[in-house]
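For reference, the structure is listed below as structure tokens.
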2 protein chains.
Amino acid sequence: MAFHKKEIFSQKEQNLAQFAKAISHPARIVILKVLAKQKECICGDIVEQLPLAQSTVSQHISELLSAGIINGTIDGPRSCYCINWKTIQKFSNEFGFLLNKLKATHEKTCCS
Amino acid sequence: MAFHKKEIFSQKEQNLAQFAKAISHPARIVILKVLAKQKECICGDIVEQLPLAQSTVSQHISELLSAGIINGTIDGPRSCYCINWKTIQKFSNEFGFLLNKLKATHEKTCCS
DNA sequence: TTTCATTATCGTATATTTGCGATATAAGAT
DNA sequence: ATCTTATATCGCAAATATACGATAATGAAA
């Protein structure tokens, strides 16, 4: 009797956690960096820049996709991805909000 | 033949990914919020604020601990935790740095 | 010393993630 | 029509995460 149980939490917390999870693997961070570096959409040169099999990279990509962090035009054999600015913006704000909340306790920490 | 393979990536990416992973569960986000709300260090009132068993909460806490996101004084039956401002600060910066990198591509997105 | 309350840890079950090779798919080239 | 190239998906194995109950440990109170 133990699996996710995440539905119990508020939507906001779930969303933030989900975003964090999406970027919680170095490979996916590298993918984002690669996409940020190339000005135009690139296809699978991502694979070349990672020490992982093509199928594994594809899997990481689809995780970023389903989290809405990147967009993709999968037309035929040549898929094209790029960063979804809107999502980045949204979570950048929410994350900053959380961090500011935490910062508010700065002066009062007692066990550090 | 397939497990983590995360050691291959740069330390910076690993660190950022690890931080993201640490906050990638709603329960852990709530724990941080609780710690932020209480001005002084609280002990296990965290458990009361979560719909999870005590042992599960303890597990989540120790994950935050080992990620260095919170500090703890575990003296006897009354453990006391608080946010580790230093770590929050560090990753706040690194995360902001990544986001700014991504933001730079804002104008040039082509498949959104 | 015994009891109590609080917290950490162990053991266990289930779910999810990570990774690969093999295979399917789909558009363009020959 | 067939071949090639790029990419997604399937199937599988191993690792990790999530959750719980039970138990251990530890300091305070009786």
Side-chain angles (χ1 to χ4, degrees), chain A residues 1-9 13-14 17-31 34-35 38 41-67 70-82 111, chain B residues 1-9 13-14 17-31 34-35 41-67 69-82 111:
Chain A
M1 310 96 144
F3 2 150
H4 36 329
K5 207 175 189 180
K6 287 171 188 165
E7 327 76 43
I8 292 171
F9 297 92
E13 282 144 11
Q14 284 186 58
Q18 203 192 351
F19 177 79
K21 183 167 220 166
I23 60 164
S24 75
H25 193 287
R28 294 195 284 271
I29 290 179
V30 171
I31 291 174
V34 170
L35 284 175
Q38 322 282 108
C41 278
I42 53 157
C43 325
D45 341 50
I46 303 169
V47 176
E48 287 176 14
Q49 313 220 21
L50 285 173
L52 296 169
Q54 177 266 321
S55 58
T56 307
V57 173
S58 189
Q59 211 172 288
H60 281 303
I61 286 174
S62 71
E63 269 171 84
L64 288 170
L65 263 179
S66 71
I70 65 175
N71 281 95
T73 316
I74 310 165
D75 69 314
R78 209 142 313 216
S79 296
C80 172
Y81 297 106
C82 62
C111 49
Chain B
M1 309 96 143
F3 1 150
H4 34 334
K5 206 172 189 180
K6 287 170 188 165
E7 328 78 42
I8 292 172
F9 298 92
E13 282 144 11
Q14 283 186 59
Q18 203 192 352
F19 178 80
K21 182 167 222 166
I23 61 165
S24 75
H25 193 287
R28 294 196 283 272
I29 290 179
V30 171
I31 291 174
V34 170
L35 285 175
C41 278
I42 53 159
C43 325
D45 340 50
I46 303 170
V47 176
E48 287 176 13
Q49 312 221 22
L50 284 174
L52 297 168
Q54 177 266 321
S55 58
T56 306
V57 173
S58 188
Q59 211 171 287
H60 281 304
I61 286 175
S62 71
E63 270 172 84
L64 287 170
L65 263 179
S66 70
I69 298 177
I70 64 176
N71 281 96
T73 316
I74 310 166
D75 69 314
R78 210 139 313 216
S79 296
C80 171
Y81 297 106
C82 62
C111 49

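Residue numbers start from 1 in every chain, and the chains themselves are labelled A, B, ... in the order their sequence lines are given, proteins ahead of strands. This one's a predicted model, so the numbers in the text were calculated from it and none came from an experiment.
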Next item on the list: Could you pick out which residue, A/P51 or A/P77, lies toward the 5' side of DNA chain C when each is mapped onto its nearest nucleotide?
Entry: A/P51
Margin query: From CG of A/L50 over to P of C/dC20, roughly how many Å is that when rounded to an integer?
Written below: 11 Å
Checklist line | A/H25 NE2 - D/dT16 C1' separation (whole Å) | finding: 11 Å
Checklist line | A/R78 or A/F9, whichever maps to the more 5' nucleotide of DNA chain D | finding: A/R78
Next item on the list: Mind calculating the distance between CD (B/E48) and C1' (C/dA5) to the nearest angstrom?
Entry: 13 Å
Margin query: Looking at B/R28, I'd like to know whether one of its side-chain N or O atoms comes within less than 4.0 Å of OP1 or OP2 on D/dT18.
Written below: yes
Note to self: Nearest whole Å is fine: how far is D/dA8 C1' from A/I70 CD1?
What the structure shows: 13 Å
Next item on the list: Between D/dC20, C/dT18, C/dT6, spot the one nearest the side chain of B/A53, thanks.
Entry: D/dC20
Checklist line | Nucleotide D/dT18, atom P - distance to CD1 of B/I23 in whole Å | finding: 13 Å
Notebook entry, point to check: Which residue pairs pass the salt bridge (Lys or Arg N to Asp or Glu O under 4.0 Å) test with at least one member in residues 53-62 of chain B, sequence neighbours excluded?
Noted result: none
Check: Within less than 4.0 Å of OP1 or OP2 of D/dT16, is there a side-chain N or O belonging to B/K21?
Finding: no
Checklist line | Pairing residues for B/P77 by the side-chain contact (heavy atoms from CB on, under 4.5 Å) criterion, not counting sequence neighbours | finding: none
Margin query: Just to verify, what does A/V47 make a side-chain contact (heavy atoms from CB on, under 4.5 Å) with, not counting sequence neighbours?
Written below: A/Q54, A/V57
Note to self: Enumerate the side chain to side chain donor-acceptor pair (under 3.5 Å) contacts for residues 20-31 of chain B, please, sequence neighbours excluded, ordered by first and then second residue.
What the structure shows: B/R28-B/H60, B/R28-B/E63
Margin query: Let me confirm one number: the CG-CD1 distance from B/L35 to B/I70, rounded to the nearest 0.5 Å.
Written below: 6.0 Å
Next item on the list: Return the residues of residues 54-65 of chain A meeting this criterion: a heavy atom under 4.0 Å from some atom of DNA chain C. Order them by number, or give none.
Entry: A/S55, A/T56, A/Q59, A/H60, A/E63
Next item on the list: May I have the distance from B/I31 (atom CD1) to C/dT7 (atom C1'), rounded to whole angstrom?
Entry: 14 Å
Next item on the list: Send over the distance from A/I42 CD1 to D/dA6 P, rounded to a whole Å.
Entry: 14 Å
Note to self: Has B/Q14 got a side-chain atom pairing as donor or acceptor with A/P26's backbone, closer than 3.5 angstrom?
What the structure shows: no
Next item on the list: Under the side chain to side chain donor-acceptor pair (under 3.5 Å) rule, collect the residues that match up with B/Q18, sequence neighbours excluded.
Entry: none
